[in-house]
Every structure is written in C-alpha cells, then in structure tokens.
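Read through the structure below, which is laid out as structure tokens, and then see the notes.
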Amino acid sequence: MFPRPIEQASPAAQLAYKIALPAALILWLLPLLGVAMTSVRPASDLAQGNYFGWPSALAFDNYISVFRDSNIAQYMLNSFKVTIPTVIGCLILSTMTGFALAIYKFRSNLLIFFLFVAGNFVPFQILMVPVRDLTLNLGLYNTSAGLALFHIAFQTGFCTLFMRNFIKALPFELIEAARVEGVTEVRIFWYIVLPLMRPAIAALSVLVFTFIWNDFFWATVLTTSAETQPVTAGLSSLNGQWIAAWHLVSAGSIIAAMPPVLMFFAMQKHFIAGLTLGAVK
Amino acid sequence: MTAYWKANQRRLAPWLFLAPGLIMFAVYVVIPIFQSMAISFYDWDGLGEAEWIGTANYVELFDDDAFYTSLVNNVLWLGLFLLAVPAGLMIAIFLNQTVWGMRAYKSLFFFPFVISQVVVGLMFAWFYAPNFGLLYQLIEWTTGAQVAILADERYVTYGIIVAGLWPQIAYVMILYLTGLNNVAPDQIEAARLDGAKGWRMLWYVIIPQLRPATFIAVVVTVIGALRSFDLVSIMTNGGPYGSSRVLSFYMYEQALSEYGYRMGYGAAIAVVLFAIMMVFISGFIWKMWRDETER
C-alpha cells in the first residue's frame, strides 16, 4: 500500500495525521459550510453585519419562505420530469447498443463505438443552434419532453461506452453455450445478458441522474418559463430576483442540491464504481 | 420471412439492437455538428431567411477583441484546470489510509463533485462577495487591500477557475483513490527493499502504475475546462466588461442572449471551439483505438 500505513508511523505522526484530517476537511468544505450556515441565519443578522458569527437564532423559516415565496417547488418537479425519463430512456437505448457492440463482430463495430465516444466529448455549443431549431420544429420547445429527448440522445454516448465495456468483460462462453443450445439472439439479450447487467444499470442510473439534474446549459437553451424550467435554471433566475438576500439564495441552493446528494449517499458504491470505470486496468 | 430471419439473425441482430440508439444519437448529436458548420457560413437571426455570406463570419472573428479575450481565457482555463490532476493525486495520497472513519472522509472530500455547478458558482460568489465575503475579509485582514475578485478584470477569471477546480479536484481524487487501491503491493514491497521511499517511490513506482487513472483524469479535466459555461454564466455573466468570457459563453451570448440572435456568428465561434476540442478528442480516441486493437 502507498503511502505506508499511518499505523506504522511514530505516535507523534499518527496524532498529527488525526488532527490534520478533520482540519483539512473543514478547510475543503468551507464554502459549503458557509452557505449551510447562511441558510439558517435570520435576515436580521445579515442586516446587522453578522455574516460569520454564530447565528443569533436558527431561522429554518428561510426554507419555508423559499418554498412559499418562490417557484422552487415547481422547478424541482420540472427537474424530476426531465431527469427520470432521461435515466430510463438512455438505459434502454444503451443496454441495446452496448450489447450490440460488445457481442457481435462486424466491420463497422469499432467505428460506431468511437462515434459514440467522440460524440460524448463535443462542446455543447456546436449542437446548440440545430438542436434548438429541431426542438422548435417538433413543437417541443419549452417542454420537459423536448429537453429529455435531447438528454437521452446525448447521454446514450457515454452510457454506450460504459455498457459496452461492461458486457465485454462478461464471460463470452455463456453466450456461446446459449447459441449452441439454439437460443435466439433476442432471448440471449433478455434472459442471459440483461440480468448480469444489474450493477452497470445501477451505476449508470445514479450517474445520469446526477448529470441531468445538474445540467444548466440545455435547461437555459431549451426551456424558458417557470412552468418548465429545471431547478438549475430556476435557481439562476431566482438569484437575479434575490439580490443580496443571501439567506434565501443559500437555502434555495441547498434545496436544489439535495436530490443528487441524497442519491449519492444512498448509492455511493455504485456511483463511484461508475465514475471510476477504466481508472484501473 | 421467418426462414430468412432464422438464417441471418446473427448478422441482423446487431443492427436491430443498435438502431434506436444510433438514430437518436445521429439526429441529436452527429448531424447537428455538420448543420452548425453549414450555419456558420450564413447570416441568420434564427427566424427569418438565412443569407449566405461565405466566410464573412470567420473574417469578422479575426478582428473581434471579445473573441480573443475568450480565447485567451480558454487557454488560461485549460492550463490552470490541469492543476486538478496533481492536486487530486495529492489529496488521494493523503486520504489513502485505513484509520477509523476513512470512508466517510473520502465521501465528504468527494462531495463537491455531486453538487450542481450552479450551486458551486453561487457558493463561491458568496465566498468572494465584496465587503462581507469570507475571502474578501481574509485578504483585507492580511494585506489591508480591498479586492472584489469578481468585479476586478485582473482576477475575475482566476476566481472562477478556482471555483471550477473545487469539484474537479474531487473528481480526480476519486479516480486516483481507485487507482491507488489497485497498485500491485508486491512491487511496492520490492521497491521498499531496494530502499525507495517518498518522492522517488511515488515517481518511479506509483505514478507509472497509475497511468490508466491519469489518462482518464486528463481527459475529463481537458474536456471540463473547455466546456466551462455554467460558472461563468452564474458568477459574472461574462463581466466585468466581458473580461471573464470564454468561447462557450461568448457563443451563447452571440446566438441567444439579449445582445441579439446572431446564429451564424455564434455557430462560427462554436466551430472554432469544436476545432480546438477535436485536437484533444482525436488524441484520446487515437490512444483508445490503439488499446482496443492491440488486445
């Protein structure tokens, strides 16, 4: 193991490490802690210049007033309306594309695979004008469906990369054995490969959920009104309305960040397994 | 029909499985790239008739100061963002222990990556805020100078990059933690017996074994740097006086914001950004292609 386990170091070094650890963490999360503290600070504290001291009272009503006086509940709902269909849609598409690229040998296999991989890296701006135009022509501009359709298509690139590599690592003898038995290709996909893909599906659902929930660019390009905007775009416009009302901005930020954070802590293992795929050979 | 299917299913099946995903990807990703390239030769407001103007948009870019500002900022982003790679490695090494509660520490260090960039931008805007921001007060307390980072043309881009580095370092850290977990223990022991330790051990034994993690870390960091849009938009909206613009933001501003709907000019900016990214993407693909065909 590298570095050498701290248990083998001198007692002084061990103590130093045990002190440095929480200190580094607090320093690292300082912006977050500041915002969390501001979100429960009464507005009167800010007016009196008490920005860093202990809050004079815990004002959880900041959260209540964010919900009561702004559209944040609607924005959150809009985010779910985009995120959940996207997760389902691109899982369906990419289990199939991943299966096709991992199991079958045909001439353009690698070419198509790298098309998905490369497409996944292009700058969003090169897609912006035509995708906005396409969405307008489909009559889906400023709807959750229009936004979700684009996300499904784009995330299919990343998910295909992931699924293909995952299926490629499965024992191929399973499929060969099934073929010898005369099992059809569709049944092989459904009854043999799909059940083995559960870990990959779990990892991708949390990852895609987080990516789409946190998307800001496409939310501003494809949606415009409070009835359809996801929470990232909504928070940005609320920030414009709440000038200098930092207790509200902070509370709103924390509300908006909650779903992916909860998702991450609930499914940490899958999340990290998905993110670090390929980091080891 | 069924006889034909039975005879040829191994040949047809991959295309059936590929079709839905490939069609969606073509319609929303591949074809729009070429459409954007075409639009960049037109003068178009997005509604009326598009007028062919040849390379006029690109000629205009040559003399556009705002374009050069964005380009220089993109280079700054790229250079400084890569610091996330060594920084992430350092934190990963620091955290690669097994003391009590380590799992919780690791996930809390990773935490910033999970949060939306919009929220990260707001957090740092608050952190930098003039008069009461924590960093503002810290600078005033240590040097006596009053620096409003996001309103100062000299510092604004650096301020935003630091905000971007925060989640990026977390991402790189988790890649390296996974990598460190898989470093061959016998090689470390062998190196220890040969008297290697500290930096020499890191440089000659550990880092070579972390190559796959380093490759992915560099890929996601380069792409992340060139994609930077959210933080610029949230923290400064390109200001002050357009000094914190990057190409991705400037493109959006030209094509869709209150400054007007210049789709053709915006598309030309996007093509330039795409060309820059293509240099890196081709490099990554080339390396992945080599790995695939070697196997």
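Model, not experiment: these values are computed from the prediction. In the text below, chain A, chain B and the rest are named by the order of the sequence lines, each starting its count at 1.
- Around atom CZ of A/R179, more than 12 heavy atoms belonging to other residues, nucleotides or ligands sit under 6.0 Å away.
- Counting heavy atoms from C-beta outward, B/M288 and A/V117 have side chains that approach closer than 4.5 Å.
- The two residues B/F25 and A/A153 come nearest to each other via the heavy atoms CD1-O, 3.1 Å.
- You'll find the side chain of B/Q35 stays beyond 4.5 Å of the side chain of A/D133, heavy atoms only.
- In this structure, chain A has heavy atoms under 4.5 Å from both the backbone and the side chain of B/F109.
- Contact tally against chain A (heavy-atom pairs below 4.5 Å) for B/N96, B/I269, B/I223: the top residue is B/N96.
- For B/W15, the part sitting under 4.5 Å from any heavy atom of chain A is the side chain, from C-beta outward, and nothing else.
- Within the 4.5 Å cutoff, side-chain heavy atoms of B/T293 are placed close to those of A/L110.
- Proximity to chain A is limited to the side chain of B/M277, based on heavy atoms less than 4.5 angstrom apart.
- In this structure, the portions of A/L21 lying under 4.5 Å from any heavy atom of chain B include both its backbone and its side chain.
- By the 30° and 60° cut-offs, the orientation of the rings of A/F271 relative to B/F110 is perpendicular.
- Under the 3.5 Å distance criterion, the side-chain polar atoms of A/Q125 are left unmatched by any main-chain donor or acceptor of B/A270.
- Here the two rings, on A/F154 and B/Y28, have centers that are 6.0 Å apart or farther.
- Neither the backbone nor the side chain of B/L135 comes within less than 4.5 Å of any heavy atom of chain A.
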One pair to check against side chain to side chain contact (heavy atoms under 4.5 Å, CB included): A/L32 and B/F111. What are the steps and the verdict?
CA-CA 10 Å; A/L32 186 70; B/F111 198 42; 3.0 Å; yes
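- Between the B/S36 side chain and the A/I126 main chain, a donor and an acceptor come within less than 3.5 Å of each other.
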Pair A/F217, B/S248 - check side chain to side chain contact (heavy atoms under 4.5 Å, CB included), show working.
CA-CA 10 Å; A/F217 181 74; B/S248 59; over 6 Å; no
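- Without hydrogens or angle criteria, A/N239 side chain to B/L122 main chain gives no donor-acceptor distance under 3.5 Å.
- B/L95 touches chain A through backbone and side chain together, each having a heavy atom under 4.5 Å away.
- In this structure, no portion of A/L136 lies under 4.5 Å from any heavy atom of chain B.
- Of the possible donor and acceptor atoms, one in the side chain of A/N214 sits under 3.5 Å from a partner among the backbone N and O of B/V114.
- Contacts of A/I188 with chain B are absent, with no heavy-atom separation under 4.5 Å from either backbone or side chain.
- Applying the salt bridge (charged side-chain N to carboxylate O under 4.0 Å, His left out) test to B/R192 and every residue at least two apart in sequence or in another chain returns B/E189.
- Side-chain contact check for B/I234 versus A/F216: some heavy-atom pair is nearer than 4.5 Å.
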Step by step, work out the side chain to side chain contact (heavy atoms under 4.5 Å, CB included) result for A/F116 and B/L22.
CA-CA 9 Å; A/F116 279 119; B/L22 204 53; 3.6 Å; yes
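- Proximity to chain A (any heavy atom under 4.5 Å) is restricted, for B/S233, to the side chain, taken from C-beta onward.
- Residue contact with chain A, scored on non-hydrogen atoms closer than 4.5 Å, involves the side chain of B/F124 exclusively.
- For chain B, no part of A/I103 is nearby; none of its heavy atoms comes within less than 4.5 Å.
- With a 4.5 Å cut-off on non-hydrogen atoms, B/I93 touches chain A through its backbone and its side chain both.
- A donor-acceptor distance shorter than 3.5 angstrom exists from the side chain of A/Y17 to the backbone of B/F94, with no hydrogens or angles considered.
- Note that the CG atom of B/L226 and the CZ atom of A/F121 stand 12.0 Å from one another [nearest 0.5 Å].
- Here the straight-line distance linking atom CE of B/M263 with atom CE of A/M128 works out to 6.0 Å at 0.5 Å rounding.
- Contacts between A/A24 and chain B at a heavy-atom distance below 4.5 Å involve backbone atoms as well as side-chain atoms.
- Residue B/A217: no heavy atom, backbone or side chain, is found under 4.5 Å from chain A.
- Expressed to the nearest 0.5 Å, how far CG of A/D215 lies from CG of B/D230 amounts to 7.5 Å.
- A distance of 6.5 Å separates CE in B/M123 from CD1 in A/I254, rounded to the nearest 0.5 Å.
- Heavy-atom distances place the side chain of A/W246, and not its backbone, under 4.5 Å from chain B.
- The part of B/M102 that comes within reach of chain A is its side chain, from C-beta onward, which places non-hydrogen atoms under 4.5 angstrom from that chain.
- A donor-acceptor pair under 3.5 Å links the side-chain atoms of B/R227 to the main chain of A/V122, judged by distance alone.
- Contact annotation for A/A20: both backbone and side-chain heavy atoms come within less than 4.5 Å of a heavy atom of chain B.
- Only the side chain of B/I188 comes within contact range of chain A, with heavy atoms under 4.5 Å apart.
- Interface remark: A/I272 contributes side-chain atoms only to the contact with chain B (heavy atom separation under 4.5 Å).
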Set out, in order, the CA-CA distance, both residues' side-chain angles and the distance that settles salt bridge (Lys or Arg N to Asp or Glu O under 4.0 Å) for B/R10 and A/E176, then state yes or no.
CA-CA 12 Å; B/R10 291 267 291 275; A/E176 277 178 329; over 6 Å; no
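- Looking at A/Q268, only its side chain comes within 4.5 Å of chain B, counting heavy atoms on both sides.
- No side-chain heavy atom of B/F113 sits less than 4.5 Å from a side-chain heavy atom of A/T210.
- Heavy atoms of B/Q137 lying under 4.5 Å from chain A belong exclusively to its side chain.
- Only the side chain of A/L134 comes within less than 4.5 Å of a heavy atom of chain B; its backbone N, CA, C and O stay farther away.
- A/P123 is not listed as a side-chain neighbour of B/F229, based on a closest heavy-atom distance of 4.5 Å or more.
- No more than 12 heavy atoms of other residues, nucleotides or ligands lie within 6.0 Å of CZ in B/F34, so this atom counts as exposed by the packing criterion.
- In this structure, the portion of A/E7 lying under 4.5 Å from any heavy atom of chain B is its side chain and not its backbone.
- Here B/W289 is the residue among B/F284, B/F127, B/W289 with the most heavy-atom pairs under 4.5 Å with chain A.
- If you measure heavy-atom distances from A/S237 to chain B, you find no contacts under 4.5 Å at all.
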Quick one, B/L256 with A/R132, criterion side chain to side chain contact (heavy atoms under 4.5 Å, CB included). Give me CA distance, side-chain angles, the key distance, then yes/no.
CA-CA 10 Å; B/L256 269 190; A/R132 181 174 173 275; 3.4 Å; yes
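- Both the backbone and the side chain of A/T184 come within contact range of chain B, each with at least one heavy atom under 4.5 Å from a heavy atom of that chain.
- For a residue to count as touching a neighbouring chain, one of its non-hydrogen atoms must lie under 4.5 Å from one of that chain's; by this rule B/V29 touches chain A with backbone and side chain alike.
- Both the backbone and the side chain of A/F150 come within less than 4.5 Å of a heavy atom of chain B.
- Of the atoms belonging to B/P112, it is side-chain heavy atoms, and not backbone ones, that fall under 4.5 Å from chain A.
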